[in-house]
Amino acid sequence: MAATEIVRQMGEGCRSLPLSAHVGFDSLPDQLVTKSVNHGFCFNILCVGETGLGKSTLMDTLFNTKFESEPNSHSQPGVQLKSSTYDLTESNVRLKLTVINSIGFGDQINKEDSYKPIVEFIDSQYEAYLQEELKIKRVFHNYHDSRIHACLYFIAPTGHSLKSLDLVTMKKLDSKVNIIPIIAKSDAISKSELTKFKIKITSELVSNGVQIYQFPTDDETVAEINGTMNAHLPFAVVGSTEEAKIGNKMMKVRQYPWGTIQVENESHCDFIKLREMLIRVNMEDLREQTHTHHYELYRRCKLEEMGFKDTDPDSKPFSLQETYEAKRNEFLGDLQKKEEEMRQMFVQRVKEKEAELKEAEKELHEKFDRLKKLHQEEKKKLEDKKKSLDDEVNEFKKRKTATELLQSQQAGGSQTLKREKERKNCYLCAVLQLILLSAAWGSWSGFF
C-alpha cells in the first residue's frame with residue numbers, strides 16, 4: 001500500500017475522543033508564544049514612491065524613532081533599492097525591522113522600466129529563501145528572512161488621478177507583495193478634494209485590475225475593524241517627527257502659517273488608521289500572506305520551470321523522487337541528443353575544414369608553380385642581361401685598349417716634331433749668330 005493511501009485512510013478514520021482528566025497540551029499556545037518571544041520577530045517594509053513624498057519621515061513617525069540614514073543621492077541613472085535593518089525592542093518583544101527605500105523612483109525622463117529594479121529585488125529575496133529551503137542542511141533558526149512583507153506605495157497628492165507610472169508599477173507588484181496604497185502629504189489638498197481623490201484612485205485600481213492588500217475579515221476578533229478600514233483605503237497620511245504641546249499633551253505636528261496639522265488626530269489624517277492596521281492588528285497576517293500566498297506562488301512557478309510537478313498526466317500523485325527520476329532521464333536523453341548533435345556537427349566541421357585545407361593546399365601549389373615559373377623566367381632574363389653586359393664590357397675594354405694605343409702613338413710623334421723644331425730653332429739661331437758676326441767683322445774691317 002502506498003504511503004499516500006495510508007495517510008489518507010488515517011485521516012479518514014480520525015475520531016474525536018473525550019479526556020477523563022487534564023493532560024496539559026492546552027499550554028501549547030503559551031509555549032509557542034514563549035518560543036516566539038525568545039526568538040524574536042522580523043518585519044520587512046518596502047517603501048515605493050517618487051522623490052520628496054516623505055517616505056523616510058513616515059517611517060520615523062510610524063515607529064516613534066529616528067532611523068539613522070545618510071541623505072540619499074538622486075543623481076543615479078536608474079532606480080536603486082537601499083536596505084537598512086534595525087533591532088527594535090518594545091516590552092521585551094524584539095523586532096528586527098528592515099526598511100527598503102526606492103531611491104530615484106520616478107526621477108528619470110523615461111520611466112518605462114522604473115518598476116523593473118523593484119520587481120527584481122523582490123524576486124531575489126524569494127530566490128534566496130527558496131535556495132535556503134532546498135538545501136540539504138538548512139539553518140532557518142538563524143536565517144534572516146528578507147522577503148518583503150508589506151509594500152507601502154506612496155501616491156503624490158495631485159487630487160486628479162493616478163499617474164501611469166503608479167498604475168504600471170502596482171500592477172507589476174500586486175502578485176509579488178502585499179501593496180498598501182497611501183496618499184502622501186495629504187495635507188496638501190482639501191478634505192473634499194481628498195475624498196474625491198480616494199474614490200478616483202479606488203476606481204482606477206479596480207478598472208485596471210490592480211489587487212491591493214485587503215485586511216482579513218475571516219477572524220471574528222478583527223473582522224469588524226478590518227472591514228471598516230478596508231473602506232478607508234487608500235490611507236491619507238501625514239508624517240512628522242516635530243512635536244508641539246497641544247493642550248496638556250505633546251503631539252507630533254506639522255505647523256503652517258495657517259494652522260497646525262496633528263499627525264495622530266484622526267480628523268486631520270489617517271496616520272492612526274495606518275499604524276493600527278499595519279503594525280498593531282495585521283502585522284502577523286502580512287507575514288503569513290507573504291509566506292503562504294506570494295512566496296508559494298513564486299516557489300510553484302520556479303519549481304514548474306525546473307520541471308517538478310505534483311501529478312502525472314493521469315492526474316495521479318507524483319512523488320518528488322519520481323519527478324526527479326523523470327527529470328533526470330529527460331536530462332540524460334537531452335544530453336545524449338546534444339552529444340550526438342555535437343558529434344555530427346564536429347564531424348561536419350572536420351570535413352568542411354579538410355575540404356578548406358585541401359583547397360588551400362591546391363591554391364598554394366598553384367601559386368608555388370606560378371612563382372617557380374616566374375622565377376625561372378626572371379632568372380633567364382637576368383642571365384641574358386648579364387651576358388649582354390659582359391659583351392659590352394669586353395667591347396668597352398677592347399675600345400679602351402685601342403684608344404690607349406692610339407694616344408700613346410700620338411704622344412710619341414708630337415715629341416719627335418718638338419725635337420725637330422727645337423733642332424731647327426737652334427740651327428737658325430746659329431746661322432743668325434754667324435750673320436751677325438760676319439756683319440760685325442765687316443764693319444770692323446772697314447774701320448781699320
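These numbers come from the heavy atoms of this one structure, side chains and all, not from hydrogens, waters or symmetry mates.
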Mind checking whether Phe67 and Phe63 have parallel, tilted or perpendicular rings, split at 30° and 60°? perpendicular
- Query: Parallel, tilted or perpendicular for Tyr129 and Tyr143, by the 30°/60° rule?
  - Reply: perpendicular
In terms of side-chain geometry, is the basic nitrogen of [X] or [Y] positioned less than 4.0 Å from the acidic oxygen of its partner?
| X | Y | value |
| --- | --- | --- |
| Lys387 | Asp390 | no |
| Glu266 | Lys273 | yes |
| Arg343 | Glu340 | yes |
| Glu284 | Arg287 | yes |
| Arg147 | Asp123 | no |
| Lys362 | Glu359 | no |
| Glu395 | Arg399 | yes |
| Arg349 | Glu352 | no |

What verdict does the salt bridge (Lys or Arg N to Asp or Glu O under 4.0 Å) test give for Asp270 and Lys198, after you've listed the backbone C-alpha separation in whole Å, the side-chain angles of each residue and the deciding distance to 0.1 Å? CA-CA 12 Å; Asp270 297 333; Lys198 281 189 174 186; 2.6 Å; yes
Answer whether the closest heavy-atom distance between the side chains of [X] and [Y] falls below 4.5 Å.
| X | Y | answer |
| --- | --- | --- |
| Met251 | Lys245 | no |
| Leu286 | Phe43 | yes |
| Pro234 | Ile182 | no |
| Lys252 | Thr241 | no |
| Asp219 | Asp285 | no |
| Ile122 | Lys172 | no |
| Asn178 | Cys151 | no |

Out of curiosity, [X] [atom1] to [Y] [atom2], how far, rounded to the nearest 0.5 Å?
| X | Y | atom1 | atom2 | value |
| --- | --- | --- | --- | --- |
| His144 | Asn44 | NE2 | CG | 5.5 Å |
| Asn208 | Leu167 | CG | CG | 4.5 Å |
| Glu50 | Lys111 | CD | NZ | 7.0 Å |
| Asp369 | Lys373 | CG | NZ | 10.0 Å |
| Lys171 | Leu173 | NZ | CG | 11.5 Å |
| Glu193 | His160 | CD | NE2 | 8.0 Å |

I'd like to know whether Phe235 forms a side chain to side chain contact (heavy atoms under 4.5 Å, CB included) with Met277, so could you lay out the CA-CA distance, the side-chain angles of the two residues, the decisive distance to 0.1 Å, and finally the verdict. CA-CA 10 Å; Phe235 294 132; Met277 293 297 98; 4.0 Å; yes
| message | Please determine whether side chain to side chain contact (heavy atoms under 4.5 Å, CB included) holds for the pair Ile201 and Ile183, giving the CA-CA distance in whole Å, both sets of side-chain angles, and the decisive distance to 0.1 Å. | response | CA-CA 10 Å; Ile201 290 173; Ile183 302 172; 3.9 Å; yes
Exercise for review: Classify the side-chain pair Arg254/Tyr256 by whether it contains a donor and acceptor separated by less than 3.5 Å.
Suggested key: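 There is such a pair between these side chains.
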request  = Start with the C-alpha gap between Glu288 and Thr292, add the side-chain angles, then the distance that decides, and say whether side-chain hydrogen bond (donor to acceptor under 3.5 Å, both in side chains) holds.
outcome  = CA-CA 6 Å; Glu288 184 180 348; Thr292 61; 5.0 Å; no
In this structure, is the centre-to-centre distance between the rings of Tyr213 and Phe215 below 6.0 Å?
yes
Assess whether side chain to side chain contact (heavy atoms under 4.5 Å, CB included) is satisfied between Gln255 and Ile261, documenting all intermediate values.
-> CA-CA 6 Å; Gln255 295 182 346; Ile261 293 291; over 6 Å; no
*In a check of side chain to side chain contact (heavy atoms under 4.5 Å, CB included) between Val48 and each of Phe105, Phe154, Tyr115, which one passes?*
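Only one option passes, and that is Phe105.
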For a quick test of reading the model, state the closest non-hydrogen atom pair linking [X] to [Y] and the distance between them.
| X | Y | value |
| --- | --- | --- |
| Ala150 | Leu278 | CB-CD1, 4.0 Å |
| Ser267 | Lys191 | O-NZ, 3.0 Å |
| Val79 | Gly104 | CG2-O, 4.0 Å |

For Leu374 and Arg370, run side chain to side chain contact (heavy atoms under 4.5 Å, CB included): C-alpha distance rounded to whole Å, both residues' side-chain angles, the deciding distance at 0.1 Å, then the answer.
-> CA-CA 6 Å; Leu374 182 63; Arg370 289 196 303 271; over 6 Å; no
TODO: Could you walk me through whether Tyr295 and Glu133 pass the side-chain hydrogen bond (donor to acceptor under 3.5 Å, both in side chains) test, one step at a time?
DONE: CA-CA 12 Å; Tyr295 171 68; Glu133 193 177 53; 2.6 Å; yes
- Message: Applying salt bridge (Lys or Arg N to Asp or Glu O under 4.0 Å) to Glu132 and Lys135, what does each step give before you reach the verdict?
- Response: CA-CA 5 Å; Glu132 183 65 28; Lys135 285 182 179 179; 3.0 Å; yes
